[in-house]
Amino acid sequence: MLERATFFLFVLLHTLVQVQGQYELCKSLLTTDEGSVWEQHACQPKAQSMKEFMRIRVEPPGITCGNPPERFCTLENPYLCSDECDASNPDLAHPPQLMQDRERGGLVTYWQTQTWRRYPEPLLANITLSWNKSLELTDDIEITFEYGRPTAMALEKSLDYGHTWQPYQFYADDCLDMFGMAPQRARDLTASNATRVICTELYSRWVGAKGDKVVRFEGRTRFAIFAGHRLRDMDSLRARFESNKGLRDFFTFTDLRLRLLKPALGGTYVQRDNLLKYFYAISNIEVPARCKCNLHASQCVLMDGTLQCVCEHNTTGQDCQRCKKGFKAKIWKAGSYLPTPIGTPNTCAQAGTSSGSNCECHGHSNRCSFIDYLNIVTCVSCKHNTRGQNCQHCRMGFYRNSSVELDDESVCVECGCNQMGSLHDRCNDTGFCQCKEGTTGIKCDECLPGYYWKQGCQPNVCDEELLMCQNGGTCHQNQRCICPHEFKGVLCQHSRCEDGKKCIHGDHNGASVPALSLALLVLCPLLTLLLGSAVLRPETVPVFLPPSHTSTHTCDGALAITLLCTLKEPRTSWT
Ligand SMILES: [Ca+2]
């Protein structure tokens with residue numbers, strides 16, 4: 001039954017896609033054997049000309065011509081300065097709104113600035129276009145200039161309603177001279193640099209007043225890098241948008257700003273004796289785009305003077321960027337273009353419904369809670385050493401096991417940093433602990449050359465290379481030199497006989513030579529007598545042997561007696 005319904009839905013959607021075009025419907029009524037249900041689809045508003053919705057601000061104040069009235073000439077007829085700009089006369093005024101009006105009857109209307117009377121002071125003008133709404137560019141931005149295109153200008157964009165700006169494209173007749181950038185063309189860009197901010201010389205050279213008037217930001221050329229010739233494969237482009245947020249953001253904006261930096265000159269030099277022919281004039285600005293509605297709306301309408309998505313899928317907000325009240329069982333998600341060709345709606349679910357009860361905790365928790373002031377749903381009591389809003393991170397002291405899926409119980413592995421060798425018990429994403437000086441290894445349990453392990457890595461006191469024990473001393477486990485009796489110091493570098501001091505030889509474990517000799521003198525005959533009178537059999541007795549061993553050795557009893565009794569005096573110290 002379910003398979004039949006799924007098949008039916010598939011056929012229905014494909015029919016709809018063919019009839020309606022992709023992403024035009026947010027929902028459709030689906031008839032199955034069980035009755036009718038609404039099926040939700042990822043959807044977006046149509047692309048449209050955003051010209052009529054934009055607010056235009058021109059800076060600096062007074063840059064628009066006509067107040068007071070002034071005369072100007074054109075680059076074509078530089079000595080026929082009979083044209084006049086007069087802000088008080090509707091027939092002779094050139095206000096900013098003429099950049100966005102609908103021209104009728106072939107009459108070109110345009111905004112115009114003052115002339116460059118203050119040369120050599122630069123003639124600068126900014127035009128800010130605001131929509132107070134996130135938009136996604138769908139084609140080329142086109143700016144039509146009358147009386148010549150600027151010698152230099154920059155196009156900027158803002159993603160945050162004009163708080164911050166970033167360059168979008170630079171335009172100059174000499175990019176290197178004006179912006180210090182090598183000239184590039186949008187059509188030379190590739191998949192790896194499709195979002196590069198370029199400087200182009202295509203639109204700034206003087207082509208005569210009758211030549212091309214348009215300056216473009218080539219959105220379409222960039223789309224074609226992914227969608228191919230004539231944008232035949234838009235699904236490829238959309239899939240890229242899903243995998244590369246930077247690419248999608250590149251075409252998203254709330255505001256645009258044109259910075260006009262140098263007017264058309266009509267030649268190489270500025271003619272100082274005729275500055276009335278230099279000014280900017282724009283007759284039209286085309287911004288083809290669609291409202292950004294996060295694939296949750298197919299309509300975008302003007303409400304209270306501002307564009308607003310008509311949100312579906314239980315979402316709300318100007319961009320449908322959150323779930324409606326009562327539909328916050330799951331975390332809000334933008335709809336997705338994937339899988340192609342119809343995408344995924346990612347509908348907000350009603351709290352308490354079966355589809356909404358599974359909070360998205362990757363199987364590490366089945367409890368969620370809604371945090372009102374943050375407007376988020378978060379998992380509670382993440383298990384398996386996970387943490388985070390969706391139990392998608394590892395707890396402190398654990399790292400992500402990249403060989404298993406996020407919902408695997410063993411997704412988080414303990415760092416296991418050596419307590420002595422590491423700075424703390426946290427590790428990086430690949431399990432590497434942060435080691436103390438002289439320590440190395442993934443877990444910080446090994447020493448670098450020049451260090452030895454003793455409750456962590458300590459710098460060598462002695463070794464066989466740079467810190468050699470001197471004067472016949474031997475290095476014991478890199479920790480200390482065992483010196484011949486006559487020498488002392490960390491590396492046995494000092495003679496005990498230095499500075500004319502009297503050297504005492506044979507000092508052994510605090511017992512003086514005369515005392516030891518006396519003891520041997522008494523003990524030897526006694527021991528010889530005792531052992532000699534008994535049946536002399538090989539057996540073992542403990543004996544301390546010089547020179548370098550501190551452990552007790554055993555040897556044949558008779559041999560030990562002989563050895564002890566032939567020893568006149570110990571020659572070396574082994575302490
Ligand atoms: Ca116009």
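Read the numbers this way: they start at 1 and go in the same order the structure lists the ligands and their atoms.
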Listing by chain and number, which protein N, O or S atoms are under 3.0 Å from the Ca ion (ligand 1)?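 Leu98 O, Asp101 OD1, Glu103 OE2, Thr109 O, Thr109 OG1, Ser283 O, with waters left out.
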Check Glu242 with Arg238, please: is the shortest side-chain N to carboxylate O separation under 4.0 Å?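 The answer is no: the pair does not qualify as a salt bridge.
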Is it true that, when you exclude Arg57 itself, more than 12 heavy atoms of the residues, nucleotides or ligands shown sit nearer than 6.0 Å to its CZ? no
Taking side-chain hydrogen bond (donor to acceptor under 3.5 Å, both in side chains) as the criterion, tell me which of Lys213, Glu146, Arg102, Lys51 meets it with Asn284. Lys51
Report yes or no: is the cationic atom of Arg55 (NZ for Lys, CZ for Arg) closer than 6.0 Å to the six-membered ring centre of Trp131, at no more than 45° off its axis? no
Establish, yes or no, whether the cationic atom of Lys157 lies under 6.0 Å from the six-membered ring centre of Phe253 and within 45° of the ring axis.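 Judged by the rule, Lys157 and Phe253 form no cation-pi pair.
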Scan Trp111, Tyr110, Tyr280, Phe279 and name whichever one has a ring-ring contact (aromatic ring centres under 6.0 Å, His included) with His94. Tyr110
